[in-house]
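Just so it is clear, the model here is predicted, and its values are computed rather than measured. Letters go in sequence order (proteins before strands), and every chain restarts at 1.
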Protein chains: 2
Amino acid sequence: MGPSERDDREALASSVWQRMFELFQSRKDELLAISAEVGLTPAHMHALLALDPDAPKPMGSLAADWKCDASNVTFLADRLEEAGYVERRVSPTDRRVKILALTDAGHAARDRLRRRMSEPPDALLTLTVDQLAALDGVLAALRSDEGA
Amino acid sequence: MGPSERDDREALASSVWQRMFELFQSRKDELLAISAEVGLTPAHMHALLALDPDAPKPMGSLAADWKCDASNVTFLADRLEEAGYVERRVSPTDRRVKILALTDAGHAARDRLRRRMSEPPDALLTLTVDQLAALDGVLAALRSDEGA
DNA sequence: TATTGTTATACTCTATAACTATA
DNA sequence: TATAGTTATAGAGTATAACAATA
């Protein structure tokens with residue numbers, strides 16, 4: 001590959017990235033609106049979505065997964081518990097450990113939230129099926145090469 | 001358009017949106033690293049980038065543009081002014097109004113920051129020129145239809 | 001009297017350090 | 001003695017309300 005091809009690629013990648021960035025900006029306000037709608041702050045909404053519905057985990061693991069301090073997990077869990085969306089279960093093998101599990105209400109709220117969040121921006125829906133398929137195909141190719 | 005085509009489009013758009021979302025997540029830590037690097041908090045970095053380098057604006061207009069409270073603009077301006085990146089100029093036509101203008105150092109810092117921020121995620125650079133051109137073309141088509 | 005920006009104050013989100021209970 | 005989670009406290013970032021200067 002010659003230097004000009006590399007330059008082309010970098011310029012195109014920058015352009016693509018900037019366009020995606022703008023798309024995200026356009027969605028920001030709506031995310032805030034969703035959080036107001038469900039009565040959760042953005043941080044608690046994010047935490048609810050980040051809980052694995054099938055595998056309740058110790059709070060310490062969550063702090064590691066979420067790259068935040070344990071005290072922050074306590075804070076997030078407190079509010080979600082008050083809202084009735086999670087419960088703390090003492091680990092049967094180590095009484096120090098508390099496992100955070102979604103309640104039935106928590107599962108339902110999380111599902112609703114996921115559906116709302118995965119709704120694409122209106123701008124994407126103005127594309128044709130072919131254009132969307134092209135986007136999807138190229139973006140799918142990324143995932144396997146991510147670490148390259 | 002039949003109902004199945006509409007369903008296809010929505011499913012594809014959701015998939016595309018989710019893939020873009022993951023790409024953004026992959027970039028999040030790096031944005032924090034950049035802000036540490038330049039010695040600005042993320043909020044002040046964002047403010048510096050959001051200032052128009054060619055058209056200094058009254059603080060009230062900035063609050064409107066940024067959809068935040070005027071007191072928050074005061075807070076952001078204070079720190080950027082302490083850093084030597086902006087200066088408050090009293091409007092010649094209305095002594096109540098303060099116009100926030102980038103200093104020379106502010107212009108330079110903003111330019112550096114923009115270059116760092118516009119660097120695309122590594123994953124995008126693994127695509128071929130053709131793939132990137134396809135992405136860019138489709139995403140360019142979005143912009144004009146945004147409000148549709 | 002209305003408006004611009006500031007100050008005082010409060011709330012959210014995050015972190016660090018000290019604490020408790022268990023191990 | 002070490003570890004899991006909590007509490008106390010602090011700082012960043014945002015908002016609302018009261019205020020000063022100017023219009």
Side-chain angles (χ1 to χ4, degrees), chain A residues 25 28-51 55-83 85-101, chain B residues 25 28-29 31-51 56-83 85-101:
Chain A
Q25 290 298 107
K28 223 174 179 182
D29 292 346
E30 207 168 333
L31 297 189
L32 274 179
I34 294 173
S35 95
E37 213 173 276
V38 299
L40 289 174
T41 65
H44 291 92
M45 190 170 83
H46 189 261
L48 182 58
L49 286 167
L51 285 171
K57 284 185 163 188
M59 295 177 66
S61 303
L62 294 176
D65 291 352
W66 300 346
K67 288 174 189 129
C68 74
D69 192 78
S71 62
N72 195 29
V73 176
T74 296
F75 166 73
L76 294 168
D78 282 350
R79 298 301 186 82
L80 289 177
E81 195 168 44
E82 283 164 26
Y85 292 156
V86 301
E87 59 184 18
R88 288 164 157 99
R89 297 181 186 154
V90 174
S91 163
T93 59
D94 184 339
R95 295 186 46 75
R96 291 173 304 180
V97 172
K98 286 174 194 161
I99 291 165
L100 215 58
Chain B
Q25 289 299 106
K28 222 174 177 183
D29 292 347
L31 296 190
L32 273 178
I34 293 173
S35 95
E37 212 172 276
V38 299
L40 289 175
T41 64
H44 291 91
M45 191 170 83
H46 188 261
L48 182 58
L49 286 168
L51 286 171
K57 283 185 165 190
M59 295 177 68
S61 302
L62 294 175
D65 290 352
W66 300 346
K67 288 174 189 129
C68 73
D69 192 80
S71 61
N72 195 30
V73 176
T74 296
F75 166 74
L76 294 168
D78 282 349
R79 298 303 184 81
L80 290 177
E81 194 167 46
E82 283 165 26
Y85 292 156
V86 301
E87 59 184 18
R88 287 167 159 97
R89 296 182 188 154
V90 175
S91 162
T93 59
D94 183 339
R95 293 186 48 75
R96 291 172 304 178
V97 172
K98 286 175 195 161
I99 291 165
L100 216 58

Using whole Å, report how far [atom1] of [X] lies from [atom2] of [N].
X	N	atom1	atom2	result
A:R79	D:dT6	CZ	P	14 Å
A:E81	D:dG5	CD	C1'	13 Å
A:M59	C:dA21	CE	P	17 Å
A:M45	C:dC13	CE	C1'	15 Å
A:L100	D:dA4	CG	P	16 Å
A:D69	D:dA4	CG	C1'	12 Å
B:R89	C:dG5	CZ	C1'	18 Å
A:N72	D:dA12	CG	P	17 Å

Quiz prompt | side chain to side chain contact (heavy atoms under 4.5 Å, CB included) evaluation trace for B:K98 with B:R89 | solution = CA-CA 5 Å; B:K98 286 175 195 161; B:R89 296 182 188 154; over 6 Å; no
[X] vs [N]: side-chain N/O to OP1/OP2 distance below 4.0 Å:
X	N	result
B:T41	D:dG13	yes
A:H44	C:dT12	no
A:K98	D:dT6	yes
A:T74	D:dT6	yes
B:R88	C:dT6	yes
B:R95	D:dT22	yes

Self-check item: Identified side-chain contact (heavy atoms from CB on, under 4.5 Å) partner of A:M59 from the options A:T74, A:V97, A:I99
Solution: A:T74
Quiz item: Would you say the side chain of A:P42 lies within less than 4.5 Å of the side chain of A:L32, judging by non-hydrogen atoms?
Solution: yes
Quiz item: Below 3.5 Å, does any donor atom in the side chain of B:S71 face an acceptor in the base of D:dT14, or the other way round?
Solution: no
Quiz item: Between A:F75 and A:D94, which is nearer to the 5' end of DNA chain C once each is assigned its nearest nucleotide?
Solution: A:F75
Practice problem: Could you pick out which residue, A:K67 or B:P58, lies toward the 5' side of DNA chain C when each is mapped onto its nearest nucleotide? | Solution: B:P58
Practice problem: Test side chain to side chain contact (heavy atoms under 4.5 Å, CB included) on B:M45 and B:I34 and set out the steps. | Solution: CA-CA 9 Å; B:M45 191 170 83; B:I34 293 173; 4.1 Å; yes
Self-check item: Pairwise distance NZ(B:K57) to CG(B:L51) - rounded to 0.5 angstrom
Solution: 9.5 Å
